[in-house]
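Note that these values count all heavy atoms, side chains included, but never hydrogens, waters or copies made by symmetry. Throughout, a chain's letter reflects where its sequence line sits, starting with A, and its residues are numbered from 1.
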There are 4 protein chains.
Amino acid sequence: MIQIDPRSSTPIYEQIIHKLKELCFKGVLKPGDKLPSVREMSAMIITNPNTVSKAYKELERQGIIETLRGRGTFVSESARKTIDEGKIDMIKEQLKPLIIDAFYAGVDFEQIKQWIEEIKEEIGSETNARN
Amino acid sequence: MIQIDPRSSTPIYEQIIHKLKELCFKGVLKPGDKLPSVREMSAMIITNPNTVSKAYKELERQGIIETLRGRGTFVSESARKTIDEGKIDMIKEQLKPLIIDAFYAGVDFEQIKQWIEEIKEEIGSETNARN
Amino acid sequence: MIQIDPRSSTPIYEQIIHKLKELCFKGVLKPGDKLPSVREMSAMIITNPNTVSKAYKELERQGIIETLRGRGTFVSESARKTIDEGKIDMIKEQLKPLIIDAFYAGVDFEQIKQWIEEIKEEIGSETNARN
Amino acid sequence: MIQIDPRSSTPIYEQIIHKLKELCFKGVLKPGDKLPSVREMSAMIITNPNTVSKAYKELERQGIIETLRGRGTFVSESARKTIDEGKIDMIKEQLKPLIIDAFYAGVDFEQIKQWIEEIKEEIGSETNARN
DNA sequence: GTGGTCTAGACCACG
DNA sequence: GTGGTCTAGACCACC
């Protein structure tokens with residue numbers, strides 16, 4: 001289901017968050033779908049259950065998923081689209097050095113825009129339906 | 001000269017790297033310009049000298065700056081534009097979750113492209129000359 | 001009859017207890033009234049019968065309701081008003097962090113007192129008769 | 001500094017949160033004060049560092065405290081008083097069953113109001129200065 | 001079965 | 001020194 005790289009410098013729990021968010025956003029995971037239990041997921045990606053739990057809790061805090069007591073964890077019916085200015089600024093702040101790095105690696109503006117396009121394609125057709 | 005946020009979750013040494021790279025890229029810092037010494041810089045931004053030193057070392061490794069023993073640290077004559085595929089993949093990898101987060105924060109594709117445009121504007125006129 | 005939120009962090013059985021206590025206190029449920037059977041209730045609020053059973057048992061332990069074997073569950077004739085010091089301390093203990101949280105959420109003392117007033121209103125006219 | 005009851009049903013990390021919030025609110029801990037390090041605190045209250053860490057992170061998420069990388073954890077300069085409607089509703093939701101329980105334990109409205117008064121006294125004089 | 005809490009201990013990045 | 005991450009395993013409440 002999802003792939004984790006234990007050697008990556010980005011923490012495992014963040015990788016899980018990223019991957020699941022992506023799947024939710026793409027529509028592979030639809031609202032109401034049940035996620036693997038903490039134990040199942042930890043077995044699948046060969047990590048400690050605590051690590052998965054941490055990821056799930058953060059995703060819940062962000063409103064992407066929700067847990068029903070004793071029943072499991074599910075994709076939320078509708079991800080709230082709070083237009084959070086602070087969050088947006090934070091993202092822009094992270095975006096800038098990334099783009100500058102890209103330039104130093106020999107990428108130009110047009111190519112970057114094309115990357116965005118690629119990501120759009122990859123996320124794809126489901127997106128329109130969802131929003 | 002540069003502003004650091006000690007509360008940020010991004011390490012201080014990385015913030016220094018980002019800021020200096022940005023200044024170099026914008027052309028505020030031109031090839032041959034002398035950077036403040038590690039001590040001066042650490043006094044300016046109120047951090048441990050080791051932190052500044054770490055940032056300088058990394059910038060040197062990336063070819064952005066050079067240290068001339070006994071004379072100081074200078075902006076390199078020409079930032080080498082190594083087209084490093086690995087680096088590019090890494091950047092793309094970091095870009096994706098950022099963009100997905102942006103969507104969840106209520107930003108759409110067009111706005112993101114506009115951000116890129118804004119960053120381009122901000123970096124400004126020197127850019128064309130350099131590329 | 002009663003509404004349960006399966007997403008809430010407070011356990012379902014506790015929610016049932018709270019709601020039924022509230023109804024008893026308001027006078028909607030009067031002494032001698034028959035409660036839905038465990039099965040009926042669990043069907044109504046879509047939970048596991050065990051969960052309802054647990055709530056009923058706890059309410060019985062507190063003297064709010066009584067089960068007459070083979071006949072069903074009923075609201076007790078008179079809720080005993082055991083002045084339980086331990087219980088009171090426990091409640092005060094729980095009250096304090098709640099009020100501090102309220103302050104941090106921007107509520108002041110007067111508003112909190114008004115909340116109490118509101119709850120009093122909501123519980124309403126029957127109360128005087130019962131006390 | 002703070003007292004924890006390992007037998008209590010409320011999790012240790014929540015007890016830490018409550019106590020520290022209380023101290024901050026009372027003004028015992030002032031903005032800028034350094035908190036004991038995770039290790040120190042865990043030694044003081046005899047728990048695992050992870051448990052303290054969890055409490056600190058939640059307090060940071062709530063804006064009560066902040067961590068400066070590699071330097072430690074400090075009381076925030078000014079606790080943001082976001083008037084969060086959702087939070088307020090949640091508190092009211094938790095308040096109601098508590099008050100009903102109080103009634104069943106033989107406490108009346110006036111006494112509850114007096115409790116609030118007591119808590120106000122206890123939190124005391126610093127409060128006015130802070131707000 | 002589910003997730004939530006906690007312990008004991010380890011390693012690492014950061015300043 | 002600081003906090004952040006992770007593991008291995010345990011116990012518990014809830015459904």
ask   = Just by modelled atom types, is the D:Pro49 backbone N or O under 3.5 Å from a matching donor or acceptor in the D:Ser53 side chain?
value = no

If only atom types and distance count, is the side chain of D:Glu58 paired as donor or acceptor with the main-chain N or O of D:Ala55 below 3.5 Å? no

*asked:* In the structure I gave you, are the side-chain heavy atoms of D:Glu66 and D:Thr73 within less than 4.5 Å of one another anywhere?
replied: no

To the nearest angstrom, the CG-C1' distance between A:Leu59 and E:dG4 comes to 17 Å

Look at A:Thr67 and E:dG3 and indicate whether a side-chain polar atom (N or O) is within less than 4.0 Å of OP1 or OP2.
-> no

Here the distance between atom P of E:dG3 and atom CD of A:Glu66, to the nearest Å, is 14 Å

> Under 4.5 Å between any side-chain heavy atoms of C:Gln62 and D:Tyr104, yes or no?
Replying inline: no

| query | Is there a donor-acceptor pair closer than 3.5 Å between any side-chain N or O of D:Ser42 and the backbone N or O of D:Asn48? | reply | no

**Item:** Any A:Lys57 side-chain N or O less than 4.0 Å from OP1/OP2 of E:dG3
**Value:** no

Which pairs of donor and acceptor atoms, one on a side chain in residues 5-17 of chain D, lie under 3.5 Å apart (sequence neighbours left out)?
residue	atom	partner	partner atom	Å
D:Asp5	OD1	D:Arg7	N	2.9
D:Ser8	OG	D:Thr10	N	3.0
D:Ser8	OG	D:Thr10	OG1	3.2
D:Gln15	OE1	D:Asp5	N	2.9
D:Gln15	NE2	D:Asp5	O	2.9
D:Gln15	NE2	D:Thr10	O	2.9

Is the distance from OP1 or OP2 of F:dT2 to the nearest side-chain N or O of D:Thr73 less than 4.0 Å?
no

So, D:Asp89 side chain and D:Gly86 main chain: donor-acceptor pair closer than 3.5 Å or not? no

Expected list for residues 2-21 of chain D near DNA chain E, using heavy atoms below 4.0 Å, is D:Pro11, D:Ile12, D:Tyr13

Does the F:dG1 base have a donor-acceptor partner in the side chain of D:Arg39 within less than 3.5 Å?
no

Heavy-atom nearest nucleotide on DNA chain F taken for C:Asn48 and for D:Gly72; more 5' hit belongs to D:Gly72

- Query: Donor-acceptor pair, A:Glu22 side chain versus A:Lys19 backbone, under 3.5 Å?
  - Reply: no

Taken to the nearest whole Å, CE/D:Met41 to C1'/F:dG3 is 14 Å

Does A:Ser53 have a side-chain nitrogen or oxygen under 4.0 Å from the phosphate oxygens OP1 or OP2 of E:dG3? no

Taken to the nearest whole Å, CD1/D:Ile45 to P/E:dC6 is 10 Å

Of the candidates E:dA8, E:dG3, F:dT5, the side chain of A:Lys54 sits closest to F:dT5

A:Thr51 has its side chain closest, among F:dC6, F:dC14, E:dG3, to F:dC6

Within 6.0 Å of CD1 in B:Ile46, more than 12 heavy atoms from elsewhere: no

note: D:Tyr56, atom OH; F:dT5, atom P; distance rounded to Å ~ 17 Å

When pairs are called at under 3.5 Å and a stem needs at least three consecutive Watson-Crick or G-U pairs, the stems of DNA chain F are E:1-14 with F:1-14

For B:Thr47, answer base if it contacts any base atom (sugar-phosphate contacts may also be present), sugar-phosphate if it contacts only those atoms, and nothing otherwise; contact means non-hydrogen atoms under 4.0 Å. nothing

The answer to which of A:Ile46 and A:Arg71 contacts DNA chain F further toward the 5' end, by nearest nucleotide, is A:Ile46

Ranking E:dC14, F:dT7, F:dG3 by distance to the side chain of D:Arg69, first place goes to E:dC14

Closest of E:dA8, E:dC14, F:dG9 to the A:Asn50 side chain is F:dG9

Here the distance between atom P of E:dG4 and atom CG of A:Leu68, to the nearest Å, is 12 Å

Notebook entry, point to check: Are there more than 12 heavy atoms of other residues, nucleotides or ligands under 6.0 Å from atom NZ of C:Lys57?
Noted result: no

